[in-house]
Novice: 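Supplied in structure tokens, the structure appears directly below.
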Number of protein chains: 2
Amino acid sequence: MNAVGSRLLTRSTEDYLKAIYSLGGDAGLPVQTAAIADALGVAAPSVSGMLRRLAEAGFLEHIPYRGVRLTDDGRRVALRMVRRHRILESYLTSKLGYDWDSVHDEAERMEHAVSDDLIERMAQVLGSPSYDPHGAPIPTPAGEVEELKHVPLAELGVGQWGELRMVSDKDPERLRFLKSVGLEVGTRFQVIERQPFNGPVTIRVAGRQPQPLGNELARSLGCAARETEGAA
Amino acid sequence: MNAVGSRLLTRSTEDYLKAIYSLGGDAGLPVQTAAIADALGVAAPSVSGMLRRLAEAGFLEHIPYRGVRLTDDGRRVALRMVRRHRILESYLTSKLGYDWDSVHDEAERMEHAVSDDLIERMAQVLGSPSYDPHGAPIPTPAGEVEELKHVPLAELGVGQWGELRMVSDKDPERLRFLKSVGLEVGTRFQVIERQPFNGPVTIRVAGRQPQPLGNELARSLGCAARETEGAA
DNA sequence: ACAAGAAATTAGGTGGCCCTAAATATGAAG
DNA sequence: CTTCATATTTAGGGCCACCTAATTTCTTGT
Ligand SMILES: [Mn+2]
Ligand SMILES: [Mn+2]
Ligand SMILES: [Mn+2]
Ligand SMILES: [Mn+2]
């Protein structure tokens with residue numbers, strides 16, 4: 001019997017499960033209360049209360065004072081939300097002229113309101129895309145996701161060519177900045193210089209001036225190493 | 001000071017205000033508790049409680065034991081929801097292959113989740129439509145709606161030609177039936193026979209057999225009288 | 001004028017989801 | 001092994017939006 005039967009699937013619970021999933025509630029260490037509270041912008045006691053209910057409903061296992069891990073049911077719900085979110089971001093970007101820095105908030109609300117049918121219709125008119133506008137892989141309706149192994153831009157060696165493959169969609173400011181310096185998913189660049197002590201990394205995108213990037217930013221950019229300047 | 005400032009604009013309150021508007025909370029008699037309860041599928045005491053809060057927030061005036069009427073603020077919110085709903089139904093129908101009998105439920109949920117920006121983008125790609133797929137007029141962003149003066153099919157005389165202009169979107173079963181007998185918005189037909197005592201009305205659509213329609217159904221179909229068989 | 005019936009409100013209660021303040025468990029350092 | 005900082009949970013409360021049962025108000029027929 002599927003725990004999804006409980007009509008406990010509200011906007012809040014969906015966002016909790018999605019957040020827990022993306023904090024790694026899948027494998028490895030249990031996800032801690034404070035991380036969830038931080039991700040969702042709620043107080044820790046609110047998380048404690050919600051975790052109790054989600055555990056009762058069978059979406060996760062809770063080890064008190066340790067953290068939580070998703071059950072199969074919980075993971076199923078989380079992946080469904082991730083698919084919804086990413087299909088929505090893709091659709092809004094391709095069909096309604098949204099920029100990659102403004103789709104996230106819209107998708108964050110819509111993901112709870114639309115039917116599976118609508119999501120699949122959108123996927124269909126897009127030709128079943130595999131990646132969202134930020135380069136994140138879109139889970140299949142069956143709940144399979146591609147495992148990406150990108151290297152952070154901050155770890156590429158001086159002189160090396162790379163291609164930007166994936167960027168976090170959480171901070172619009174950051175996305176606008178990246179676009180302003182010519183960095184989008186698929187952009188090729190060469191690493192010109194790396195300052196020590198977690199200093200900035202300087203890169204050059206074809207046809208542009210060298211551009212220094214702060215270390216924190218450079219660590220958040222998922223890249224693929226490339227042999228040459230040539231485009232994909 | 002605009003009462004919209006109160007972040008009392010939740011899914012429930014939006015649906016209440018929209019329902020009150022469409023029950024005539026605009027002009028004429030005050031809308032009664034039972035009518036609202038019936039429209040929204042909740043118990044009467046739930047409505048009493050909500051009306052108190054909506055009145056406090058300035059969206060309507062409540063005369064106890066009599067009913068409610070929308071204030072300007074309330075009407076503004078209601079018309080905004082009506083616009084959203086109808087733009088959504090139009091978009092889903094034109095761009096995502098929905099049938100006119102399945103859009104309503106989807107729009108009913110989405111109308112609370114999307115931004116004004118998304119609605120206006122949808123309106124734009126559609127070319128700012130004036131009517132939704134059921135023939136209902138779409139309010140402008142400023143909150144103006146066309147006043148339609150349709151005549152119920154049940155009131156057309158025998159022998160008279162008419163054109164179907166508007167159908168309620170609330171009952172998918174009814175919409176499927178209408179499509180199955182060739183009736184869509186814009187369809188021309190001739191009245192063949194009318195039984196007395198609120199009996200059925202028989203019409204003929206070009207290229208089809210005469211079709212009897214129950215009186216209740218015939219009263220719910222908004223039509224325009226036409227001189228000839230010729231299409232619009 | 002009054003009693004019955006219908007409609008609405010009040011009373012009292014539930015669950016969801018959030019909060020702050022207080023108590024408690026954990027783990028690292030001394 | 002104790003102490004202390006930090007993380008977590010518990011306690012207690014608020015608001016929203018629903019419910020059923022009881023009460024009150026309105027209307028209408030006699
Ligand atoms: Mn996103
Ligand atoms: Mn969300
Ligand atoms: Mn509708
Ligand atoms: Mn609605």
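Chain identifiers are assigned alphabetically (A, B, ...) following the order of the sequence lines, protein sequences preceding nucleic acid strands; residue numbering begins at 1 within each chain.
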Novice: On DNA chain C, nearest-nucleotide positions of A:R66 versus A:T10: which is more 5'?
Specialist: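 Closer to the 5' end of DNA chain C: A:T10.
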
Novice: To the nearest angstrom, how far is A:L54 atom CG from C:dG15 atom P?
Specialist: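 After rounding, the reported distance stands at 17 Å.
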
Novice: Taking atom types as modelled, is there a side-chain donor on B:R174 or B:S220 under 3.5 Å from an acceptor on the other?
Specialist: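 Yes, side-chain donor-acceptor contact under 3.5 Å.
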
Novice: Between the side chains of A:Y131 and A:E146, is a donor N or O closer than 3.5 angstrom to an acceptor N or O?
Specialist: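 Present: a donor and an acceptor within the cut-off.
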
Novice: Which two nucleotides bound the region of DNA chain D that has atoms under 4.0 Å from heavy atoms of chain A, read 5' to 3'?
Specialist: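 Nucleotide range with atoms under 4.0 Å of chain A: D:dT8 to D:dT10.
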
Novice: If the plane angle is over 60° it's perpendicular, under 30° parallel, otherwise tilted; pick one for B:H134 and B:W100.
Specialist: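 Parallel: the ring planes of B:H134 and B:W100 meet at under 30°.
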
Novice: Would you say C:dG16 has OP1 or OP2 under 4.0 Å from some side-chain N or O of A:T13?
Specialist: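 Indeed not, no polar side-chain atom of A:T13 lies that close.
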
Novice: With a 4.5 Å heavy-atom cut-off, do B:P133 and B:V185 have their side chains touching?
Specialist: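 With C-beta onward as the side chain, the pair stays apart.
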
Novice: Report, as yes or no, whether the 6.0 Å neighbourhood of atom CD on A:E120 holds more than 12 heavy atoms from other residues, nucleotides or ligands.
Specialist: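 Enclosed.
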
Novice: Quick one: B:R11 CZ to C:dC17 P, roughly how many Å, whole number?
Specialist: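 Computing the B:R11:CZ to C:dC17:P distance gives 15 Å.
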
Novice: Salt-bridge test for B:R109 and B:D105: reply yes if a basic N is under 4.0 Å from a carboxylate O, no otherwise.
Specialist: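 Looking at B:D105 together with B:R109, the answer is no, because their closest N to O distance does not fall below 4.0 Å.
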
Novice: What's the CD1-P distance between A:I63 and C:dG27, to the nearest Å?
Specialist: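 So the two atoms are 12 Å apart, to the nearest Å.
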
Novice: Could you pick out which residue, B:P64 or A:Y16, lies toward the 5' side of DNA chain C when each is mapped onto its nearest nucleotide?
Specialist: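 On the 5' side of the pair lies B:P64.
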
Novice: Tell me the interatomic distance from A:Y65, atom OH, to C:dA28, atom P, rounded to whole angstroms.
Specialist: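 Going from A:Y65 (OH) to C:dA28 (P), I get 17 Å.
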
Novice: Quick one: are the ring centres of A:H104 and A:H85 less than 6.0 Å apart?
Specialist: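 Centroid separation for A:H104 and A:H85: below 6.0 Å.
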
Novice: Verify the neighbour count for atom CD of B:E61: are there more than 12 heavy atoms of other residues, nucleotides or ligands below 6.0 Å?
Specialist: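 Counting other residues, nucleotides and ligands, CD of B:E61 stays at 12 neighbours or fewer.
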
Novice: Looking at residues 40-49 of chain B, who's got a heavy atom less than 4.0 Å off DNA chain C?
Specialist: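 Contacting residues: B:A44, B:P45, B:S48.
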
